[in-house]
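Since the structure comes first, as structure tokens, the remarks are kept for the end.
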Amino acid sequence: QPLRRVYHIVNQLSEKKRTAWVLYEMEGMSPAEISEVLELPLNTVRSRILSARREILSALGEGEGPS
């Protein structure tokens, strides 16, 4: 169930962010490798990964009840 929720959230990301995040987190590629494969500046790749991570964590946090 929790994993399904993460997949749902990841699918809500923009394609650009999702691609960078999946290559980094799921495929284990480095930002430099992703930069090369996607033909993007390294800082763009890092920014997309960070932005995707923030969106995912934010969405996961919204589903939690009071502490």
Side-chain angles (χ1 to χ4, degrees):
Q1 188 76 358
L3 190 56
R4 183 180 299 168
R5 188 160 167 241
V6 171
Y7 283 133
H8 177 74
I9 293 166
V10 169
N11 282 328
Q12 303 303 308
L13 295 172
S14 72
E15 184 178 349
K16 291 176 179 182
K17 289 179 192 174
R18 183 173 60 248
T19 300
W21 186 86
V22 167
L23 290 175
Y24 182 73
E25 295 290 351
M26 308 294 277
E27 300 296 328
M29 293 175 71
S30 71
E33 291 170 322
I34 297 167
S35 169
E36 214 171 290
V37 169
L38 298 181
E39 299 179 348
L40 293 169
L42 182 57
N43 285 338
T44 300
V45 171
R46 287 182 174 149
S47 175
R48 288 180 184 176
I49 292 167
L50 185 60
S51 182
R53 187 178 289 162
R54 284 187 184 132
E55 281 187 44
I56 292 165
L57 291 174
S58 175
L60 285 172
E62 288 171 6
E64 293 175 356
S67 309

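Side chains included, hydrogens not; waters and symmetry mates left out as well; all remaining heavy atoms used.
T44 OG1 to I49 CD1: the interatomic distance, rounded to the nearest 0.5 Å, is 11.0 Å. For the atom pair CD (E15) and CZ (R48), the distance works out to 10.0 Å, reported to the nearest 0.5 Å.
The same ILVMFWY cluster, assembled from side-chain heavy atoms under 4.5 Å apart, contains both V6 and V22. At a threshold of 4.5 Å between side-chain heavy atoms, the hydrophobic network of Ile, Leu, Val, Met, Phe, Trp and Tyr places W21 and L50 in two separate groups. Both I9 and L13 are members of a single hydrophobic cluster when ILVMFWY side chains are connected at heavy-atom separations under 4.5 Å.
Of all heavy-atom pairs between R18 and N11, the closest is NH1-O, 3.3 Å. Among all heavy-atom pairs drawn from I34 and A20, the shortest one is CD1-O, 3.8 Å. Of all heavy-atom pairs between S35 and L42, the closest is OG-N, 3.5 Å. A pairwise comparison of heavy atoms in L60 and R5 identifies O-NH2, 3.0 Å as the closest pair. Contact detail for P31 and R46: the closest heavy-atom pair is CB-CG, 4.1 Å. Shortest non-hydrogen contact noted between V37 and M29 is CG2-CE, 3.6 Å.
Residues R53 and E25 meet the side-chain proximity criterion, which asks for heavy atoms closer than 4.5 Å. By the 4.5 Å heavy-atom criterion applied to side chains, M26 and V10 are not counted as neighbours. Between L23 and V45 there is no side-chain heavy-atom pair separated by less than 4.5 Å.
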